[in-house]
Every structure is written in structure tokens, then in C-alpha cells.
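Presented below is the structure to which this report refers.
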Amino acid sequence: MNFQILDADYVTEDTAPVVRLFGRAEDGKSVCCYVPGFEPYFYVNASDELDLICKLIKERFDVVKNVEIVQRFEPVGYQKSKKSMIQVTTYEPRHVPEIRDDILQIPGVMEVYETDILFRNRFLIDRELHGMGWVSVSPSQEAHQGGKIYCDTVCLDRQPAEVDKLPNAPLKFLSFDIECLPIGGSMPSPDESPVIMISLTFAPAYNGHDSIVLVAKPVSGAGPDVESLQNEESMLKRFFEILRDYDPDILIGYNINDFDIPYISDRIKFLADSGTNINSGSGRDGRPMSYRKIGTMTMISMAGRVVVDVLPLVRSQFSLKRYTLRNVAKELLDREKLDVAPSEMEDHWNDEGEKLLKFIDYARRDSELAMELVMKLQLLDRYIAISRVSGSLLQEVIDGGQTSMVENLLLRECRIRDRVIPPKPDDNLVYSRNKNSEGLKGGEVLEPKKGLLENVVILDYKSLYPTIMMAHNLCYSTVVEKDIPGEGETITPPSGGRFVTADVSKGIMPAILENLLNRRIETKKRMKDISNEDEYKALDATQLAMKILLNSFYGYAGYTRARLYSLTLANAVTSFGRENILTTRSLIEDTIHTIYLKDGNSYLQSEIASDPLNKDISLSVVYGDTDSVFVQCTGKTEISLEDAELVGKKISGIVSASLPDPMELEFESIAKRALFIAKKRYAIWVFERFGDGWKDGIKVKGMETVRRDWCELTSKTLNRVLELVLKAGEVEAAVQHVRKVVDSIRNLDVTKDRDIIDDLTMTRMYSKRREHYKNKQPHITVAEKMEQRTGSLPPVGERIPFVIIAGKDLFVNRAEDPEYVRENNVPIDVDYYVKKQILPPVERILGVFGVDLVNLDYDSKQTGLSDFTAGPSEKKIRRSVPRTSDIGGQPPNSGSQSSLFDF
DNA sequence: GGTAGTACCTAA
DNA sequence: TAAGTTAGGTACTACC
């Protein structure tokens, strides 16, 4: 039988650990496989007298089952040979952390290694199994008789082996959402407010239901997808009954980690304290779900299943102004969330008819939306692929950061190469690392040639940092710290330090990266001749996972909480990167200099005889950031996209040939027009190959249109300006447009059109606890105002919307909650929006063309606009445009979404 | 009026 | 048992 590993843990039977692998089989059955015979261990590094220390450990600690002297490399530094170390095996996994500190106290003991690897991970790593990987268990084994297990199949196997299989098992997804009845309209609390409804959405369907809403009171006139229960107690019981019966692999919800799951858990505890016991068993081992608060995060665990809170996933993958389910559903699914306002809940709940039915349907929508987000946006595919490639369990990949996956890969490769890994650094070590961490320098950003440019070829380095590590054999295992290699056997990066060459000793990290890179290329190749859509998607997710993993190693090396932290290594990588982009620039400008085009081919001067019919194009690097170069092409005649493409490919070929393998400068795209405002701020009209033709679009980087702390009005106005300037070259039309916008704001009657508030709303993240703010911030003032009004402060991490209202006070004090402004007809600070939100960003763009700011605004007391003049750098030209003239081409937006500013 | 310090968000 | 990294622009405020 084959099944896919969803989760793993262990139980103790007769003082010996037995690993449990939970999963879903090909035939759809859920499986729990018991694996006995795997033992916990760790390493001890001591000076001399290993035999004596072995004996001491064995005598002193009765939880030690065995000690053995083994040969291993130390974690960091090039070493010519392995070292004798002690491998200590204990009876139970918990014994490892129990004795490690005492062992460190033994005279002669210097370090302990791998003392904090979770047992389930230790098992997966050593047996070369992977999260979400397929394993085969032989059919001959007897069923295991352990505990109360909610699985279709319970089996026993000492040696489950991984099998190669791409598609996922027929996984079952259950999405849920709870509704609580707030007492007096305030935030519900588990020891006061009952859970009144639970909505469930199933994929695939459960007994013919796609969704069910459980209601904790009698309901009449509801459809078949509503289950009415007598009271809260029987509803909660029913919820867990369905959960166990449906037996989902993935439990989904929106904000369930921080709300629904802790709420249910606490509510059950509260009910139990008042004498009502509910079987809340929900894991595959029949135990309840549990949660722990770690810092600001809540960690959920449920044996055998994976808990997926959609909120953090959406947060990390989409840049949105707000992450309420309402806004996310609207932005990403184009779906409306249905809501009963908290103040009306009680009224709806106490109703017997239509209002109650409406409430029920509204509740249903929430679990449907969470499910839809996961399915339609394929939110899990990438995590499943990362789990399979890195080996970490899916739950860890979803909850954790890059650390767990990088460490998982490192542990696997190091184990094969007999190299041990240190434990996570303690607070003191982290502190001392942080103190010195100013020593890590990053990428090089070239000063852009500001202004409007034409024919800019864009090239970038493919996976720059990973390829640098491979090319120069940069690794923890190659850095020279302990043993001294021979003459000429080392590489010295621009940042200093020394690394042995791959000929002397191939680095572990370069090996991992090379493997990932090659597999990614192979996966991409396979994608080309595959017609099955699911398989294509799985391969695509796999190649993306490999890309993510490739790019995670550099950051890990410079991360102060990493087990393996090396400033020398991280600095080596970035210093090669900086050197590289600078060399690339001079190679392009000084060595290549000009490219000659003839009959659809490109040549260097040395490759071609001078001929007046040739098209010569001279090159200039106008911008570059870390791994990219923007090359402006100038010629005596018009340069076509095809010409620019030839140039780009020629540059790519020449530069790549000059680089060590596998570094590669890739031709990316062509900017027909490009506008550079500052470092990290530009807009380009970009063309990319699309089959035989070209696909074009405007790409904006860093400017206000892509920033969430500017209002929508700014984005819309700026986008229009950029489009006019870049695509049509129509500066005048752009000026005209801005005037029209300014005019509209100046004449705004906010009391009449309250929808405009949406366009004037800015958002900022409430990023740290209030007491840590040294200065007042607009969004924090709003958060405080909201606290006064509703009694609760928004949680840290939430994005807070605000508008600026009229008044004489300081800016920060005039920030106000948009909802409050809408409801109370609070006047908006029109002048702020014109002078601070529209004009400065617009001027940064139009200033390039000599348009002066004063000509874009007029004082509200004046009746009209004066003519505007060119700026000091340009010739004075009259570019007056009648205010009433039409812009043309862009019909005004109509329909319910329209706004005053959609010109 | 210039400038230092804080905060935020983005590029890579 | 929380968390990959640095570079860089812009706005606001307090302060000289």
C-alpha cells in the first residue's frame, strides 16, 4: 500500500518511541502507520579521553541507552579529516534535552550537536522520507493495536520506503467558520458568548453536502444544508462528530489560528468547568486540537491533519491594502462577503424567520470563501511542493519560515557527508551576533540615469546569489578556519576570507544548490511536453519550490538565529555580487561598447568589417540593482524591438561566457520607454516575447502607485500620467489630466459623494506594540480613536485605514477612521490631498519634462488656472491646454464601481 | 529654513 | 520552538 505523508509524530510504548506516520492512500483511505525501532541520539564533541567520557556518560545517566565513538566533521570550516566524537543514544526522545546541559558540564566536553532536532524530523531525515512524499508499506504486516485511532487503516512497518510519485492522494479538505453571539455588541469572549453557528464547507462533498451550517437552536424553513441542533452543547458535539467522520486531511479557515480554534478550545474548557463535557477529539489520534501562544503567534496542532489558516497565506502572497475576509474575497475572488453587523446579530439570531435564515446563509458564505481562496488561488500547491522538496512536514512549511526548510535540507546533506550541525543559538549568542551584524553588506544599486529614455534592454542574473555560491564553492564546509589548505587551493572573495576550491573539497551547500538547480531545469523541461493539467501544475509548483529554496540559503547564512550563521560566507556572496554587477557594467560599456547589426545578426566591432549599411548601436548602462542591468541602446536610426532583442541576446551571450559556471546573465525584456526617478523607483513600457510577437505592459517599481501607504487617488492619477507619458509620449495630456483631478478635489463636496472616501484612504500597518513607538503616527492615532469608540484596539500586524480630515491640528492628529468620517460627514482636508498626495508624486514625474508644480494647482479662491511655464532647465514653451478639452481614448468609468476620479 | 531621527514600505 | 538578508526613498516632526 502507498500513502502520502501528511503528518508524523511519535508515541512511547514500553519506554521506546514508536513513530506514527499519518497519511492518505491512493485509494482514498486514511492511514496511520506505526514505525518502531528508531532511536533518539545526539553527538558530543570532547577534547581527549573520549573513552573516559563515554564511560562517565553511561554511568552517570541511566536514560542513556548506548554510547559509541564515531567519526564526524565539525559543523563549520574546511577540515582535512574527520574527528572522533561520541554518539549518545537515549531511550526516549525527551531524554535528549533532559541530559544535554548536564553533559556539557562534564570536564573535557566542548560541544553537543543535534540535540534539538524534533524526533519526527530526525526520523524523516535519517530514513530519507519527505513531508508530502509517498511511502510504500508492505502489505504483509499485522495491524498495530495502539490507542484510539481515527483512521481507516492502522498498520505497522519497520521500514517504510519512499516511492517516486508525483500526483497528490485524493485529499479531503474541510473549511469551517464559527459565529459567536456577542454580549452587548462587544468582542465575544469564550466565557460569556456562546458559539451559535458553525459553517462547514467540504471538498469533496460530505454525504452529498458541499456545505452544512450547524445552528444551535431550532430552525424552521431551512434547506437541507442546515442542521438545527437543540443548543450549543449538542451543536459542538455534532461539529466534532462530523469532523471525525469526514476525516479531513486539511482543515481550513480564515483567521482560525487567532480566533476560531482558540475560541472553540476555550469555550469547551469553559463548558467543561461548568459541568458540560464535550468530546472534542479532532485529531487522527482522537485527541482535541491544541493551541499554544508563542510571542504574537498562535500555533495550532492536530495529530494527523494539517491546519491551514488562509489569512497568513494570503498576507504573504498578495500585497493588499487590507486583509479582512471581505476585502480579500473582493480583490482576489471578485466575490462579496455577506455580513450581519455585530450590533444586529442578536436581533437576527433571536428572529424565527427570514432574518435568521439570512444570518445562516451569511455564515455559510464565510467557510465557502475560505475554501474558495485555497482552491481557486491554489494556495497550497506551492507549500506542498516545498514540503516534498525540502522534506519538512507540510504543517511546518506552512507555519514556519525559510529556516525550517533550509535546515532540513542542510541536515540531510550533512548527515550523508558525516558532518554534524550545532543546536539553535541561545539568546546570548544571538545577542552577540546581532551586535556585530552591521558587518553584512548587501547588493549594489547603480545610480539611475534620470529622465525619459528609449530602447532600454533589461538583463538580469539568473539566481545570482545561489549561482555565486556554486561558482566559487562558498560554503560553511569550505571556509578556511581550522585546517590550512595548500598554496593555490583557495579562493578569496572581494570581502576577504578564504574558501577552498571545489577541487580540494566540494562544498555541501553548493552541492545542495546544484542539485536543486539541475532538478529545476529538468522539471521545467518536463513541463514542456505534458498535457495533463494537474500534472503540469504539480511540476510548475515543484520548479517554483526549487527556486524559492535556492534563494533561501543566502539569507539563512546571514540570519543571526540560524544554527549555521556565517558572516564571512554571507559577505563573500554579496561582495562577489557587487563586484559582478560593476564588472558587468564596464564589460558592456567599455569592452563591448557598440554592437553592429547586419541581416538579423549581431556582431562586435572585431567580428565585422566596417560597412555604412550596418546598424551600429552603442550601449550605456543606465541603471542596475543587485542582479540586473538596464542597457540603453542608441543608434543613428530607429531601433526596432527585434534589433533590441538581438542586442540583448548578444550582451547576454558575451557576459555569460565571461562568467564562471553556472552564473548567467539573461536577456529579460525591452523597455521601449523608461522613466527613472531614483534608485528603486522607475516605470517602464516593457515588451516581452510572446510566441512570435510581443506582449507589452507598463511596469512600475517603487513609485507611489505600488505603495499601500498612499491613497488610491494617487495610484489612479499617477498610473494615468505614466501611461500617457510612456506609451503616447503625451506630456500635455498628462498635465491636463492632473489638472482635472486637482480641480475635482478642490471642488469636492464630500457630503454628497461619500464613496470618494475609498479613493482617499491610506493604510499603514500597526507594526509593533504601542509603547514601542517613539513618535506619533497617523494610523496609531486612528487605532486609539477606535479603541475609545469600540473598546478594542486592533491587533498588532493589522493594516489600519485612515483619511486626513480638515482642521488646524498636526497631520498625525487629523488622521481619522474612514468609516467614522463616512458616517459622521466629517470634512476632508482637501488641501492635504492636493498638496501632499497628488502634486509631489506627479511633480517627480512631470518635472522630468520641465513642467512646474505651480501650474498644476490653483488656489481654491481663484476661479481658474493660469498658464503654466516650463521649468528652469527647459526652454520656455507655452503648453497651455484648455481645461475643458477631452483627453480622448479613455472613456469614463461607469457602473457601480465608478468614482469621481476615474477619468 | 535646514537637518537628524523615526517610521513605513518597497526592490532585489 | 517567532521571524531569511540589506539598500533605499519619502514623509513627518522636533529641534537648532
Side-chain angles (χ1 to χ4, degrees), chain A residues 97 116-118 121 292-299 301 312 316 319 321 396 399-407 423-427 430 434 437-448 460-461 463-465 548-567 569-571 573-575 577-578 581 623-628 677-682 699-710 714 762-768 772-781 797 799-800 804 810-815 832 835-837 840-841 844:
Chain A
D116 55 357
I117 315 291
L118 287 181
N121 290 337
R292 292 167 303 171
K293 293 228 184 245
I294 301 170
T296 56
M297 272 188 7
T298 316
M299 294 295 229
S301 60
S316 68
S319 174
K321 289 207 162 169
E396 266 180 50
D399 293 340
Q402 302 186 2
T403 313
S404 84
M405 49 205 219
V406 169
E407 287 184 347
K424 293 201 176 121
D426 60 24
D427 288 350
V430 171
N434 271 327
S437 76
E438 302 106 62
L440 178 51
K441 287 210 359 171
E444 177 78 26
V445 188
L446 306 179
E447 191 60 49
D460 55 31
Y461 279 92
S463 304
L464 179 69
Y465 287 174
I548 292 169
L549 285 165
L550 277 166
N551 289 323
S552 298
F553 281 81
Y554 154 71
Y556 179 82
Y559 173 45
T560 46
R561 302 192 95 95
R563 290 168 191 276
L564 290 164
Y565 167 78
S566 173
L567 266 190
L569 174 57
N571 265 322
V573 177
T574 55
S575 70
R578 291 190 298 276
I581 194 172
Y623 183 57
D625 186 347
T626 310
D627 61 356
S628 64
I677 301 297
K679 284 179 173 179
K680 298 190 188 284
R681 274 163 207 232
Y682 61 89
K699 206 179 256 183
V700 183
K701 294 288 183 185
M703 304 195 345
E704 290 77 1
T705 49
V706 299
R707 293 182 63 95
R708 291 174 285 183
D709 51 355
W710 289 75
T714 303
M762 296 161 269
T763 64
R764 278 180 143 200
M765 195 168 74
Y766 179 19
S767 60
K768 53 191 174 191
H772 294 307
Y773 281 97
K774 290 184 178 160
N775 297 37
K776 281 197 149 196
Q777 296 296 332
H779 55 306
I780 308 303
T781 359
R799 297 191 65 84
I800 297 173
I804 302 302
L810 229 41
F811 163 81
V812 278
N813 298 324
R814 287 187 288 113
Y832 168 81
K835 288 214 171 89
K836 299 292 182 176
Q837 285 284 312
R844 280 191 277 271

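The chains referred to below are lettered A, B, ... by the order of the sequence lines, with proteins before strands, and numbering in each begins at 1.
- Remark: A/N775 engages A/Q777 in a side chain to side chain contact (heavy atoms under 4.5 Å, CB included) (not counting sequence neighbours).
- A/E704 and A/T714 are not linked by any side-chain donor-acceptor pair at a separation below 3.5 angstrom, with hydrogens and angles left out of the test.
- When heavy atoms are screened at a 4.0 angstrom cut-off, A/K424 is found touching no nucleic acid atom at all.
- Counting only residues at least two apart or on different chains, no salt bridge (charged side-chain N to carboxylate O under 4.0 Å, His left out) pair has a member in residues 549-560 of chain A.
- Using a 4.0 Å heavy-atom criterion, one finds that A/G555 contacts the bases of the nucleic acid, with or without backbone contacts as well.
- Every residue two or more places apart in sequence or in another chain was checked for a salt bridge (Lys or Arg N to Asp or Glu O under 4.0 Å) with A/R578, and none qualifies.
- Atom NZ of A/K776 has 12 or fewer neighbouring heavy atoms from other residues, nucleotides or ligands inside a 6.0 Å radius.
- The overall bend of the helix from B/dG1-C/dC16 to B/dA12-C/dT5, read as the angle between its terminal helix axes built from five base pairs each, is 20° when rounded to 10 degrees.
- Between the C1' atom of C/dA2 and the CD atom of A/E396 lies a distance of 13 Å, rounded to the nearest Å.
- Rounded to a whole Å, the CG atom of A/D399 is 10 Å from the P atom of C/dA3.
- Every side chain to side chain contact (heavy atoms under 4.5 Å, CB included) that A/D627 has, sequence neighbours left out, goes to A/Y461, A/L464.
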Under-3.5 Å N/O pairs linking protein and nucleotides 14-16 of chain C:
none

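- Residue A/R764 is classed as a sugar-phosphate contact, given heavy-atom separations below 4.0 Å to backbone atoms only.
- Rounded to a whole Å, the OH atom of A/Y565 is 12 Å from the C1' atom of C/dG4.
- Atoms CG (A/N551) and C1' (C/dT6) sit 15 Å apart, rounded to a whole Å.
- Both A/V445 and A/Y554 sit near DNA chain C, but only A/Y554 has its closest nucleotide nearer the 5' end.
- If you check every strand for non-hydrogen atoms under 4.0 Å, A/G295 touches nothing.
- Within 4.0 Å of A/Y559, counting heavy atoms only, lies at least one base atom of the nucleic acid.
- Residue A/R844 places at least one side-chain N or O under 4.0 Å from the OP1 or OP2 atom of C/dT10.
- One interatomic measurement links the two molecules: CG of A/N571 to P of C/dT6, which rounds to 10 Å at whole-angstrom precision.
- Among the protein residues, A/R708 comes within range of the sugar-phosphate backbone only, with heavy atoms under 4.0 Å from sugar or phosphate atoms but none that close to a base.
- We find that A/K701 and A/D625 are not joined by a salt bridge, their nearest charged nitrogen and carboxylate oxygen being 4.0 Å or further apart.
- Taking atom CD of residue A/E407 and atom P of nucleotide C/dT1, one finds them 13 Å apart after rounding to whole Å.
- Within 4.0 Å of A/K293, counting heavy atoms only, lies no atom of the nucleic acid at all.
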Inset, instruction - Could you give me the CA-CA distance, side-chain angles and deciding distance for A/Y832 and A/F811, then say whether ring-ring contact (aromatic ring centres under 6.0 Å, His included) is met? - result: CA-CA 9 Å; A/Y832 168 81; A/F811 163 81; 5.4 Å; yes
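- Nucleic acid contact for A/V406: none, since no nucleic acid atom lies under 4.0 Å from a heavy atom of the residue.
- Residue-level contact check: A/Y682 touches the backbone only, with heavy atoms under 4.0 Å from sugar-phosphate atoms and none from bases.
- When heavy atoms are screened at a 4.0 angstrom cut-off, A/M765 is found touching the sugar-phosphate backbone but no base atom.
- Summarising the geometry, the separation between CZ on A/R681 and P on C/dG8 is reported as 13 Å, rounded to the nearest angstrom.
- Listed nucleotides: C/dT1, C/dA3, C/dG9. Nearest to the side chain of A/K679: C/dG9.
- Contact annotation: A/T403 reaches the phosphate of C/dG4 (side-chain N/O to OP1 or OP2, under 4.0 Å).
- Heavy atoms of A/Y766 sit nowhere under 4.0 angstrom from any nucleic acid atom.
- The CE-C1' distance, from A/M762 to C/dA11, rounds to 11 Å in whole Å.
- Shown here are the side chain to side chain donor-acceptor pair (under 3.5 Å) partners of A/K836, two or more places apart in sequence or in another chain: there are none.
- Contacts of A/R563 classified as salt bridge (Lys or Arg N to Asp or Glu O under 4.0 Å), with partners at least two apart in sequence or in another chain: A/D116, A/E407.
- With sequence neighbours excluded, no residue forms a side chain to side chain contact (heavy atoms under 4.5 Å, CB included) with A/K774.
- Bracketed by its first and final contacts, the part of DNA chain B lying under 4.0 Å from non-hydrogen atoms of chain A reaches from B/dT6 to B/dA12 in 5' to 3' order.
- Under 4.0 angstrom from either OP1 or OP2 of C/dT10 there lies no side-chain N or O belonging to A/K680.
- Using a 4.0 Å heavy-atom distance criterion, A/K776 is classed as making no nucleic acid contact.
- At the heavy-atom level, A/R578 lies nowhere under 4.0 Å from the strands shown.
- Remark: aromatic rings of A/Y682 and A/Y623 are close, center separation under 6.0 Å.
- Take A/S767 and apply the side chain to side chain contact (heavy atoms under 4.5 Å, CB included) test, not counting sequence neighbours, and it matches A/M765, A/Y773.
- Here A/Q402 lies in heavy-atom contact (under 4.0 Å) with a base.
- A/R681 is linked by a salt bridge (Lys or Arg N to Asp or Glu O under 4.0 Å) to nothing, counting only residues two or more places apart in sequence or in another chain.
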